[in-house]
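This report refers to the structure that appears directly beneath it.
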Amino acid sequence: MDDQLEISETNKEKNQIIVNKKYKFNLRYITNSTKLFKCTEYKTVKKCKSYIILNDNNKVIKYENKHTHPGKEYDASVSIVKHKMKNEIRKTSIPFDINPKHIYNEISEEIGLICPEYNSIKSQISRYIKKQLPPDISKFNEIPDESEYYINERDENFMIFKNSNIIIFQSPFQTELFIKYNENMFADGTFYIAPIFGYQVFIKRIYAPEINRFYTTSLYILNNKEQATYELSFEELKK
């Protein structure tokens with residue numbers, strides 16, 4: 001198969017294949033050793049009969065290229081960008097400790113002119129970030145004191161404080177940076193990505209000369225925006 005094949009995913013996070021950055025194929029069924037993908041236009045008036053069969057190692061066994069319609073480069077690029085962004089989000093142990101626009105900028109440079117505008121996928125990516133938290137939490141007081149979600153890849157617990165109004169996340173590495181460079185600290189809050197059980201996400205950053213960049217040293221989920229809550233957030237980090 002000389003065509004360019006990329007693995008992607010649907011909005012429902014099901015497997016998808018994109019060919020030549022313009023034809024999309026969704027997974028239809030799986031057997032013991034193969035996976036069948038059909039063109040997304042096969043149920044439309046186009047009745048496209050194109051399909052791809054992969055083996056267990058995702059190698060193409062058969063590709064029937066019988067497209068009855070032109071390719072949709074823009075639609076394909078939207079799927080590719082969302083898939084790549086979700087992959088980056090899945091890699092982090094703290095989904096809110098990322099800037100989706102920065103991820104988008106890197107991916108858009110790679111894709112080129114056909115890349116969709118960030119605002120066209122912004123709301124979907126924000127919803128995906130919110131979904132990464134445990135789905136059974138709907139109120140702030142339901143946040144557990146201990147959880148597997150508080151453990152990073154180095155087996156470190158990064159949830160350092162919790163009461164009825166605030167929960168603070170900071171890894172040992174972030175603690176070291178904060179202690180060393182807290183003379184120049186920047187703080188900002190956003191309501192846009194706050195989970196359903198919280199009121200605001202609050203982030204603190206420092207500038208670390210040794211890595212020549214701003215670095216997030218703590219992340220908070222607040223239950224309100226009262227002055228006492230903000231004051232407590234700073235007091236806890238001084239301990």
Side-chain angles (χ1 to χ4, degrees), residues 1-30 34-55 57-133 135 190-196 201 203 216:
M1 179 178 177
D2 296 328
D3 301 83
Q4 182 184 3
L5 182 150
E6 293 185 63
I7 302 297
S8 184
E9 63 188 85
T10 67
N11 288 332
K12 295 182 179 180
E13 299 172 40
K14 303 295 184 181
N15 289 342
Q16 183 179 79
I17 292 175
I18 296 179
V19 175
N20 296 333
K21 296 186 183 298
K22 58 183 178 180
Y23 296 111
K24 299 198 296 185
F25 295 76
N26 289 346
L27 179 64
R28 293 306 301 163
Y29 63 79
I30 301 174
T34 63
K35 299 177 227 178
L36 174 67
F37 293 77
K38 286 191 175 182
C39 177
T40 53
E41 298 290 329
Y42 88 100
K43 277 189 174 181
T44 69
V45 293
K46 308 291 184 183
K47 298 185 184 301
C48 185
K49 296 182 179 180
S50 298
Y51 66 88
I52 298 174
I53 300 177
L54 303 184
N55 63 15
N57 297 318
N58 287 332
K59 299 295 183 181
V60 178
I61 298 175
K62 189 172 183 180
Y63 174 35
E64 284 292 336
N65 186 0
K66 298 179 179 179
H67 292 290
T68 58
H69 56 93
K72 297 181 178 180
E73 293 183 78
Y74 180 80
D75 286 352
S77 71
V78 170
S79 295
I80 292 171
V81 170
K82 288 192 295 185
H83 171 64
K84 288 180 179 292
M85 292 188 71
K86 288 178 180 179
N87 262 348
E88 291 301 315
I89 293 168
R90 285 190 281 260
K91 291 177 184 177
T92 179
S93 56
I94 311 178
F96 292 132
D97 191 21
I98 59 174
N99 187 323
K101 185 61 165 64
H102 289 173
I103 299 175
Y104 167 83
N105 289 340
E106 294 178 1
I107 294 172
S108 63
E109 290 181 8
E110 174 188 338
I111 289 181
L113 296 176
I114 310 299
C115 186
E117 293 185 1
Y118 176 67
N119 286 339
S120 67
I121 61 174
K122 179 179 178 180
S123 60
Q124 294 180 57
I125 295 300
S126 295
R127 285 196 298 270
Y128 183 76
I129 291 175
K130 291 180 180 181
K131 285 170 59 179
Q132 301 312 297
L133 284 173
T190 176
F191 304 100
Y192 186 75
I193 63 171
I196 58 174
V201 171
I203 299 171
T216 298

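In this chain, residues are counted from 1 in sequence order. The model shown is predicted, which means the values in this text are computed figures rather than measured ones. These numbers come from the heavy atoms of this one structure, side chains and all, not from hydrogens, waters or symmetry mates.
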- Query: Do Ile17 and Ile7 come within less than 4.5 Å of each other through their side chains, counting heavy atoms only?
  - Reply: yes

- Item | Closest non-hydrogen atom pair, Tyr23 against Pro70 | CE2-C, 4.0 Å

- Working to the nearest 0.5 Å, report the span between OG1 of Thr34 and CD1 of Ile61. 6.0 Å

- With rounding to the nearest 0.5 Å, note down the distance linking NZ in Lys38 to CD1 in Ile52. 13.0 Å

- Nearest-0.5 Å distance that lies between atom CG in Asn105 and atom CD in Glu110: 13.0 Å

- NZ/Lys86 to OG/Ser8 distance, rounded to the nearest 0.5 angstrom? 8.5 Å

- What distance do Tyr118 atom OH and Ile125 atom CD1 have between them, rounded to the nearest 0.5 Å? 7.5 Å

- Task: For the residue pair Tyr128 and Ser123, establish whether any side-chain heavy-atom pair is separated by less than 4.5 Å.
- Result: no

- Looking at Cys48 and His69, what are the two nearest heavy atoms and their distance? SG-NE2, 3.6 Å

- Query: Are the side chain of Asn99 and the backbone of Lys101 linked by a donor-acceptor contact shorter than 3.5 Å?
  - Reply: yes

- Query: Say you draw a straight line from NE2 of His83 to OG1 of Thr10; how long is it, rounded to the nearest 0.5 Å?
  - Reply: 11.0 Å

- Message: Closer than 3.5 angstrom, by distance alone: can the side chain of Ser120 be matched with the main-chain N or O of Pro116 as a donor-acceptor pair?
- Response: no

- Strictly by modelled atom types, are Asn58 and Lys35 linked by a side-chain donor-acceptor pair under 3.5 Å? yes

- Query: Under the salt bridge (Lys or Arg N to Asp or Glu O under 4.0 Å) criterion, do Lys62 and Glu64 qualify, and how do the steps go?
  - Reply: CA-CA 7 Å; Lys62 189 172 183 180; Glu64 284 292 336; 3.7 Å; yes

- Task: Would you check if there is a donor-acceptor pair between the side chains of Ser79 and Lys24 at a distance under 3.5 Å?
- Result: yes

- Task: Return yes if some donor-acceptor pair links the side-chain N/O of Ser50 with the main-chain N/O of Lys66 below 3.5 Å, else return no.
- Result: yes

- Query: Can you find a heavy atom in the side chain of Lys21 that is under 4.5 Å from one in the side chain of Glu6?
  - Reply: yes

- Evaluation steps, side chain to side chain contact (heavy atoms under 4.5 Å, CB included), between Leu5 and Val60: CA-CA 9 Å; Leu5 182 150; Val60 178; 3.6 Å; yes

- Is the side chain of Thr68 donor-acceptor paired with the backbone N or O of Lys46 at a distance under 3.5 Å, no angle test? yes

- Message: Do the side chains of Arg90 and Glu9 get close enough for a salt bridge, i.e. N-O under 4.0 angstrom?
- Response: yes

- Message: Parallel, tilted or perpendicular, judged at 30° and 60°: which one describes the rings of His67 and Phe25?
- Response: perpendicular

- Task: Decide yes or no for Ile80 and Ile18: does some side-chain heavy atom of the first lie under 4.5 Å from some side-chain heavy atom of the second?
- Result: yes

- Message: Could you check whether Tyr51 and Arg28, counting side-chain N and O atoms only, form a donor-acceptor pair closer than 3.5 Å?
- Response: no

- Message: Quiz question: by atom type and distance under 3.5 Å, do the side chains of Glu41 and Thr44 form a donor-acceptor pair?
- Response: yes

- Closest non-hydrogen contact found for Val201 with Ala194 is CG2-CA, 3.7 Å

- Is there a side-chain contact between Ser108 and Val81 (heavy atoms, below 4.5 Å)? no

- Query: Do you know the tightest heavy-atom contact between Ile121 and Lys82?
  - Reply: CG2-CG, 3.9 Å

- Classify the side-chain pair Asn87/Lys91 by whether it contains a donor and acceptor separated by less than 3.5 Å. no

- Without hydrogens or angle criteria, can the side chains of Gln4 and Asn20 be said to hold a donor-acceptor pair below 3.5 Å? no

- Side chains of Asp3 and Tyr63: closer than 4.5 Å at any heavy-atom pair? yes

